[in-house]
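Residues: numbered from 1 along the sequence shown. Counting convention: from 1, in listed order, for ligands and their atoms alike. Side-chain atoms are counted along with the backbone in the values below, which use heavy atoms only and exclude waters and symmetry mates.
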Amino acid sequence: LAFAMNTPENFLQCLSLHSENATSISKLVYTPINSSYSSVLDITIQNLRFLTPSAPKPLLIVTPLHVSHIQAAIICSRQYGVQMRIRSGGHDYEGLSYLSKVPFVIVDLVNLRSIAVDVEDETAWVQSGATVGELYYRIAEKSKTLGFPAGVCPTVGVGGHFSGGGYGTMLRKYGLAIDNVIDAQLVDAQGRLLDRESMGEDLFWAIRGGGGGSFGVVVSWKVKLVPVPSTVTVFTLRRTLEQHATKLVHQWQLIGNELPNDLFMRVILQSYNSGPNGTRTMQASFNTLYLGGVNALLEVTRSSFPDLNVTRQDCTEMSWIESIFYFAGFPSGEPLEVLLNRSSNTKLFFKHKSDYVKEPIPKSGLEGMWERFFEEDEGMAQMIWNHYGGKMAEISESALPFPHRAGVLYKIQHITAWTDGGNEVASKHVSWIRSFFSYMARYVSKSPREAYINYRDLDIGTNNVKGDTDYKRASAWGKKYFKNNFDRLVRVKTTVDPSNFFQHEQSIPPFSF
Ligand code: FDA
């Protein structure tokens, strides 16, 4: 049965037939003739490159309120032979949660976002449609000494974020979000609702880091909350090239992994226009969270990184939830409730890439980077370096699909972003970042050149748009994201979704015989 574009009513009837609450489902479905269709589609699109009239649009969007609506959407998509895209927060860098080259529907989990925090048990159940900002807010509402180690940006959706790992300012102390997930509810390709026990340990392993959109629709996650001190300390120190940024960044590489686990110090390298004549300034910002008070922090920085010259005036003590604000860039004094905003105000056009570094980059290499930053003169060129070590190095490479553990000094996120312009402008920036990425090849992990699945990058390889993708083709990108865990992911996929119902440009393929 082919899905006729002009008869979404048939699909709707199918949904009603298979939903427990038939009357409500029609109110949860948006077709192109519905006046809210565009706003529902656009609201969580994060990358403006994909918010264009020419971008492929879904035949319809379903916004389930109950598990039975998800089950119905799976059954009907199968029946009509259309692809399904699952969207939680819409932050996918390549827009895979709301774009497809073949006819498709979107299951948007925006209405499934309840969060139940159990302070006594130090756990929470969080539905995939919640954002991490909502999760942090609900935890802080109930406790000043519990937190959760997930993403820095509050609008990131729990569904996609946890599916790919999820790191934030506490990764050196507590690892990734998925290292703290203890149960989950998932609807599989047959439409069955499964939990950890009924899905079994293989599938439960795969959904914690194997990437979204491959194994089923994860409805909710049970997480273990982690202790946070009532006082934490933050600072951001900015140093330009004239203020010895290169030397400091070079030193940071050598000491980063040895710092105490309570200390998270990421470096943001960027170039920006600083004068009326287009003068470019290169700057490194040392953006830091310490899980403790200022005195202890100063002792650490004085003994391990004296050249950074951190002073008491640079530091601010605050609560953990206030540090979430700080890292999200909200002005102090804003109410905590801004964490509940699901859509960010600062949407940009962007192309990002990622790398893992295992050997310090020599000073000459850093100088070469700065030179190339000068070439990206009309956009924002940025790199974010996150050091690993600590808890990240204690977890084995195969414990979960996310393989970048011991031996990684730090992860790089390469960024170019711009505020307007059409395809020509976009291709200029995209070419710049691709050439920058080739320059970096000599300094980063090799065979495979590792990449972070949550920083989705279709340049590293894709599945076939139609038909099966063989193991060899998929390994090109799969080994970069998952190293040898890719093989186990393919085995799990072959068992749980042999007909490859859940698929996209970088979904795990089943073995095809
Ligand atoms: P989205 O809804 O786009 O989904 C992403 C992928 O997961 C898609 O393939 C989708 O189909 C699938 N999926 C979504 N929900 C699913 C579900 N319930 N079940 C199964 N599959 C599902 N990362 C990080 O680790 N730390 C950080 O600090 C940040 N910060 C950050 C800031 C900004 C502004 C952006 C745009 C992105 C980040 N990220 C990040 C990256 C982020 O973790 C990544 O994009 C996540 O996949 C986003 O999850 P969403 O649910 O928002 O995306």
Asker: Please state which protein non-hydrogen atom is closest to atom 15 (N) of ligand 1 and give its distance, to 0.1 Å?
Answerer: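 Here the closest protein heavy atom is Ser88 OG, 2.7 Å.
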Asker: When you measure from the heavy atoms of Gly166 to every atom of ligand 1, does any distance fall below 4.0 Å?
Answerer: yes
Asker: So if I apply the side chain to side chain donor-acceptor pair (under 3.5 Å) rule between Arg473 and each of Asn463, Asp468, Asn464, which one comes out positive?
Answerer: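 Of all the options given, the one that passes is Asn464.
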Asker: What distance do Phe502 atom CZ and Asp188 atom CG have between them, rounded to the nearest 0.5 Å?
Answerer: 7.0 Å
Asker: To check you understand the geometry: which heavy-atom pair defines the closest contact between Pro149 and Tyr174, and what is its length?
Answerer: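 For Pro149 and Tyr174, the tightest heavy-atom pair comes out as CG-CB, 3.8 Å.
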Asker: Look at atom 44 (C) of ligand 1 and say which protein heavy atom is nearest, naming residue and atom and giving the distance to 0.1 Å.
Answerer: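 Of the protein heavy atoms, Asn454 O, 3.4 Å lies nearest.
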Asker: Taking the six-membered ring for Trp, are Phe436 and Phe373 closer than 6.0 Å centroid to centroid?
Answerer: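 Centroid distance Phe436-Phe373: below 6.0 Å, so yes.
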Asker: Atom 26 (N) of ligand 1: which of Tyr167, Tyr455, Phe350, Phe162 has the nearest heavy atom?
Answerer: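 Selected option, by shortest heavy-atom distance: Tyr167.
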Asker: When you look for heavy atoms under 4.0 Å from ligand 1, do you find them on the side chain of Gln46, its backbone, both, or neither?
Answerer: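 The part of Gln46 near ligand 1 is the side chain, not the backbone.
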Asker: Atoms of ligand 1 less than 4.0 Å from Tyr452 heavy atoms?
Answerer: 24 (C), 25 (O)
Asker: Looking at non-hydrogen atoms alone, which of Lys411, Gln506, His161 comes nearest to atom 49 (O) of ligand 1?
Answerer: His161
Asker: For atom 52 (O) of ligand 1, what's the nearest protein heavy-atom neighbour? Residue, atom name and distance, please.
Answerer: Gly157 N, 2.9 Å
Asker: Would you check if the distance from the ring center of Tyr388 to the ring center of His404 is below 6.0 Å?
Answerer: no
Asker: Please confirm whether the ring centroid of Tyr30 lies under 6.0 Å from the ring centroid of Tyr37.
Answerer: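 Not under 6.0 Å, so no.
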Asker: Minimum heavy-atom separation for Val249 to Ala284, with atom names?
Answerer: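 Closest heavy-atom pair between Val249 and Ala284: CG2-CB, 3.7 Å.
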Asker: Using a strict cut-off of 4.0 Å, indicate which atoms of ligand 1 neighbour a heavy atom of Ser128.
Answerer: 18 (N)
Asker: Which residue and atom name correspond to the protein heavy atom nearest atom 21 (N) of ligand 1, and how close is it?
Answerer: Gly213 N, 3.0 Å
Asker: How are the rings of Phe486 and Phe482 set to each other: parallel, tilted or perpendicular (split at 30° and 60°)?
Answerer: parallel
Asker: At a 4.0 Å threshold, what atoms of ligand 1 neighbour a non-hydrogen atom of Gly151?
Answerer: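 Close to Gly151: 26 (N), 27 (C), 28 (O).
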Asker: For the residue pair Trp418 and Phe349, categorise the inter-ring angle as parallel (less than 30°), tilted (30 to 60°) or perpendicular (more than 60°).
Answerer: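 Judged by the thresholds at 30° and 60°, the geometry between Trp418 and Phe349 is parallel.
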Asker: Judging by distance only, is a nitrogen or oxygen of Val156 under 3.5 angstrom from one on ligand 1?
Answerer: no
Asker: Could you tell me if the ring centre of Tyr93 sits under 6.0 Å from that of Phe350?
Answerer: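 Yes, close enough.
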Asker: Using every non-hydrogen atom in the two residues, find where Lys351 and Val430 come nearest and quote the distance to one decimal.
Answerer: CB-CG2, 4.1 Å
Asker: Heavy-atom distances under 4.0 Å are what count here, so tell me which part of Phe215 touches ligand 1: side chain, backbone, both or neither.
Answerer: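 Neither part.
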Asker: Would you check the N or O atoms of Val158, main chain and side chain alike, for any that come under 3.5 Å of an N or O of ligand 1?
Answerer: no
Asker: Pull out every atom of ligand 1 sitting under 4.0 Å from any heavy atom of Leu109, numbered as shown with elements.
Answerer: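 Result: 18 (N).
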Asker: Compare every heavy atom of Leu458 with every heavy atom of Glu505, then report the nearest pair and how far apart it is.
Answerer: CB-CD2, 3.9 Å
Asker: Polar-atom distance check: Thr155 versus ligand 1, any N or O pair below 3.5 Å?
Answerer: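 Such a contact does not occur with ligand 1.
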Asker: What atoms in ligand 1 come closer than 4.0 Å to a heavy atom of Arg87?
Answerer: 2 (O)
Asker: For Arg456, which part has a heavy atom under 4.0 Å from ligand 1: side chain, backbone, both, or neither?
Answerer: side chain
Asker: Glu134 and Ala130: which non-hydrogen atoms are nearest, and at how many Å?
Answerer: OE1-CA, 3.2 Å
Asker: So Trp385 and Tyr410, would you call those rings parallel, tilted or perpendicular, with 30° and 60° as cut-offs?
Answerer: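 Parallel, since the angle between the ring planes stays under 30°.
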Asker: Which ligand 1 atoms are under 4.0 Å away from a heavy-atom of Val217?
Answerer: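 Within the 4.0 Å cut-off of Val217, ligand 1 contributes 19 (N).
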Asker: What protein heavy atom lies closest to atom 18 (N) of ligand 1? Include the residue and the distance to one decimal.
Answerer: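 The closest heavy atom on the protein side is Val218 O, 2.9 Å.
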Asker: Work out which heavy atom in Pro103 is nearest to a heavy atom in Leu59; give both atom names and the distance.
Answerer: CB-CD1, 3.9 Å
Asker: Is there a nitrogen or oxygen of Asp92 sitting under 3.5 Å from a nitrogen or oxygen of ligand 1?
Answerer: yes
Asker: For atom 45 (O) of ligand 1, which candidate among His504, Met84, His91 provides the closest heavy atom?
Answerer: His91
Asker: Which heavy atom of the protein is the closest neighbour of atom 3 (O) of ligand 1, given with residue, atom name and distance?
Answerer: Ser97 OG, 2.6 Å
Asker: If you take the nearest heavy atom of each of Thr44, Leu186, Ile86, which one is closest to atom 11 (O) of ligand 1?
Answerer: Ile86
Asker: Given Ala417, Ala177, Gly90, Gly95, which one has a non-hydrogen atom that is nearest to atom 1 (P) of ligand 1?
Answerer: Gly90
Asker: With salt bridge (charged side-chain N to carboxylate O under 4.0 Å, His left out) as the test, would you mind laying out the steps for Glu450 and Lys358 before giving the verdict?
Answerer: CA-CA 11 Å; Glu450 296 172 34; Lys358 301 192 167 179; 2.6 Å; yes
Asker: Which atoms of ligand 1 are found less than 4.0 Å from any heavy atom of Gly216?
Answerer: 19 (N), 20 (C)
Asker: Is it the case that the side chain of Arg138 and the backbone of Val126 share a donor-acceptor pair, with hydrogens and angles ignored and the cut-off at 3.5 Å?
Answerer: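 No.
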Asker: Would you mind listing which atoms of ligand 1 come within a distance below 4.0 Å of any non-hydrogen atom of Val152?
Answerer: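 With Val152 as reference, the close atoms of ligand 1 come out as 27 (C), 28 (O).
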Asker: Does any N or O of ligand 1 fall below 3.5 Å from an N or O anywhere on Leu96, backbone included?
Answerer: no
Asker: Return the closest protein heavy atom for atom 34 (C) of ligand 1 as residue, atom name and distance.
Answerer: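 For atom 34 (C) of ligand 1, the nearest protein heavy atom is Cys153 SG, 3.8 Å.
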Asker: Suppose we measure from atom 12 (C) of ligand 1 to each protein heavy atom; which comes out shortest, and what is that distance?
Answerer: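 I find the closest protein heavy atom is Gly212 CA, 3.6 Å.
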